[in-house]
*Asks:* 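One structure, pasted below without further comment.
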Amino acid sequence: MQGLELLVDFHRQGLRQGPGDDTITQKALAFLDLDTKQKLSIADIGCGTGAQTMCLAGLANANITAIDLFPEFLQELETRAKEQKPNGVVQTVQASMEDLPFPQEQFDVMWSEGAIYIMGFEKGIKAWREYLKPKGYLAVTEISWLTSSRPKELNEYWQSQYPEISAISEKVQILERHGYSPIATFQLPESCWLDKYYLPMQKRMDSFLQKHRYSPEARELVENEMEEIQLYNTYKQYYGYVFYIAQKIFTVR
Ligand code: SAH
């Protein structure tokens, strides 16, 4: 196994593939004024193995369409949904977030945790808006600067990895520019990174390396993850994930 296949094999064992926590998904959900007596259509984009999907599926009358590029992750989510039997309905769709196979104005909510960076925040919120019903909600987490200045080394790292990283206020302006009314932003606490994401990941590293007989590719993957963890531990006061919650502005046609 190499590259992407290896990455998927490593991450499919995890309950989540990015920083987050059920309590944080619930907190974000509480900002949405949803009529839970009606049927609700929710898209969960880049769902991974579905930590947040299962949380959203706790809503009665919710119909969750969970989208990911990798069928391995969707299989894990399907198993989880079968075991946990949530109130809502979970349907998986293998598709790219850049080319969603849905009609316009399909969803009441478009949700995405730890994934919009893959197509880029601005491109993502622009493209996904058309799938939202008028006054529908967007709720996404996105890597953001938490301070107005930062060490040069960190700045250079993120400029090379994801130049779209910016201050919360800038992301809010991007939402406003593209037809959304911002409702709330809040930072994900450290525990979402350390306890819920990095620590479980570190616990899986030995068995992953054994399974792949310490191949150079498997070792490289683990080393890269360790570097990311170290970077976070060194600089966590400067950057983090932020939840952005906004409502599609209703336009009269
Ligand atoms: N929301 C999950 C997973 C976040 S990781 C969580 O927070 O735990 C990002 C996810 O996006 C991965 O599951 C990855 O497979 C998926 N992904 C990567 N490229 C994609 C694309 N082009 N379209 C849809 N999903 C994609």
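Along the sequence shown, residues carry numbers from 1. Order of listing sets the numbers, starting from 1, for every ligand and every atom in it.
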*Asks:* May I ask you to check if ligand 1 and Arg16 share an N or O to N or O distance below 3.5 Å?
*Replies:* no
*Asks:* How does Met119 reach ligand 1, by side chain, by backbone, by both or by neither, if only non-hydrogen atoms under 4.0 Å count?
*Replies:* neither
*Asks:* Do Arg204 and Phe10 form a cation-pi contact, if we require the NZ or CZ to be under 6.0 Å from the six-membered ring centre and within 45 degrees of the ring's axis?
*Replies:*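 Cation-pi check for Arg204 and Phe10: passes.
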*Asks:* Please write down residue, atom name and distance for the protein heavy atom closest to atom 22 (N) of ligand 1.
*Replies:* Ser96 OG, 3.3 Å
*Asks:* List every atom of ligand 1 that sits less than 4.0 Å from any heavy atom of Gln52, numbering the atoms from 1 in the order shown and giving each element.
*Replies:*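 The list of qualifying atoms is 1 (N), 2 (C), 6 (C), 7 (O), 8 (O).
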*Asks:* For atom 23 (N) of ligand 1, what's the nearest protein heavy atom and its distance?
*Replies:* Met97 N, 2.8 Å
*Asks:* Under a 3.5 Å cutoff, is there a donor and acceptor pairing between the side chains of Trp111 and Glu113?
*Replies:*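 The answer is yes; a qualifying pair exists.
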*Asks:* With a 4.5 Å limit on heavy-atom distance, are the side chains of Lys248 and His178 in contact?
*Replies:* no
*Asks:* Does a salt bridge link Lys82 with Glu78, judged by any charged N lying under 4.0 Å from a carboxylate O?
*Replies:*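 Salt bridge absent between Lys82 and Glu78.
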*Asks:* Could you tell me whether Lys171 sits above the aromatic face of Phe121, with NZ or CZ closer than 6.0 angstrom to the six-membered ring centre and within 45 degrees of the axis?
*Replies:* yes
*Asks:* Would you say Glu113 has any N or O atom under 3.5 Å from an N or O of ligand 1, going by distance alone?
*Replies:* yes
*Asks:* Find all atoms of ligand 1 within a distance of less than 4.0 Å from any non-hydrogen atom belonging to Phe70, and give their numbers and elements.
*Replies:*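 Atoms satisfying the 4.0 Å criterion: 15 (O).
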*Asks:* Give the atom numbers and elements of ligand 1 that come within less than 4.0 Å of a heavy atom of Ile118.
*Replies:* 9 (C), 11 (O), 17 (N), 18 (C), 19 (N)
*Asks:* Should the proximity of Ala51 to ligand 1, defined as any heavy atom under 4.0 Å, be assigned to the side chain, the backbone, both, or neither?
*Replies:* neither
*Asks:* Applying a 4.0 Å heavy-atom criterion (strictly less than), which segment of Ser112 is in contact with ligand 1: side chain, backbone, both, or neither?
*Replies:* neither
*Asks:* Is there a side-chain contact between Leu59 and Asn87 (heavy atoms, below 4.5 Å)?
*Replies:* no
*Asks:* Are the charged groups of Glu76 and Arg12 less than 4.0 angstrom apart, N to O?
*Replies:*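 Salt bridge between Glu76 and Arg12, a charged N being under 4.0 Å from a carboxylate O: yes.
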*Asks:* Nearest heavy atom to atom 2 (C) of ligand 1 wins, so pick from Pro71, Cys47, Gly20.
*Replies:*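 Of the listed residues, Cys47 has the closest heavy atom.
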*Asks:* In terms of residue, atom name and distance, what is the protein heavy atom nearest to atom 9 (C) of ligand 1?
*Replies:* Gly114 O, 3.6 Å
*Asks:* Ring centres under 6.0 Å, that's the criterion: do Trp193 and Tyr241 meet it?
*Replies:*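 So the answer is yes for these two rings.
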*Asks:* Side chain, backbone, both or neither: which applies to Leu69 and ligand 1 if a contact is any heavy-atom pair less than 4.0 Å apart?
*Replies:*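 The answer is both.
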*Asks:* Just need the protein heavy atom nearest to atom 8 (O) of ligand 1, so name the residue and atom and give the distance.
*Replies:* Gln17 N, 2.8 Å
*Asks:* If we set the cut-off at 4.0 Å for heavy atoms, which region of Ala95 has an atom near ligand 1: side chain, backbone, both, or neither?
*Replies:*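 Backbone only.
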*Asks:* Are Tyr238 and Trp145 an aromatic pair, judged by ring center distance below 6.0 Å?
*Replies:*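 So the answer is no for these two rings.
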*Asks:* Quick one: does Tyr137's side chain get under 4.5 Å of Phe107's, heavy atoms only?
*Replies:*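 No; the side chains remain at least 4.5 Å from each other.
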*Asks:* Which residue holds the protein heavy atom closest to atom 12 (C) of ligand 1, what is that atom called, and what is the gap in Å?
*Replies:*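 Nearest protein contact, heavy atoms only, for atom 12 (C) of ligand 1 is Asp68 OD2, 3.5 Å.
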*Asks:* Does Asn61 reach the main-chain N or O of Thr36 with its side chain, forming a donor-acceptor pair under 3.5 Å?
*Replies:* yes
*Asks:* Atom 3 (C) of ligand 1: which of Gly18, Gly14, Pro19, Gly46 has the nearest heavy atom?
*Replies:*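 The residue whose heavy atom sits nearest atom 3 (C) of ligand 1 is Gly46.
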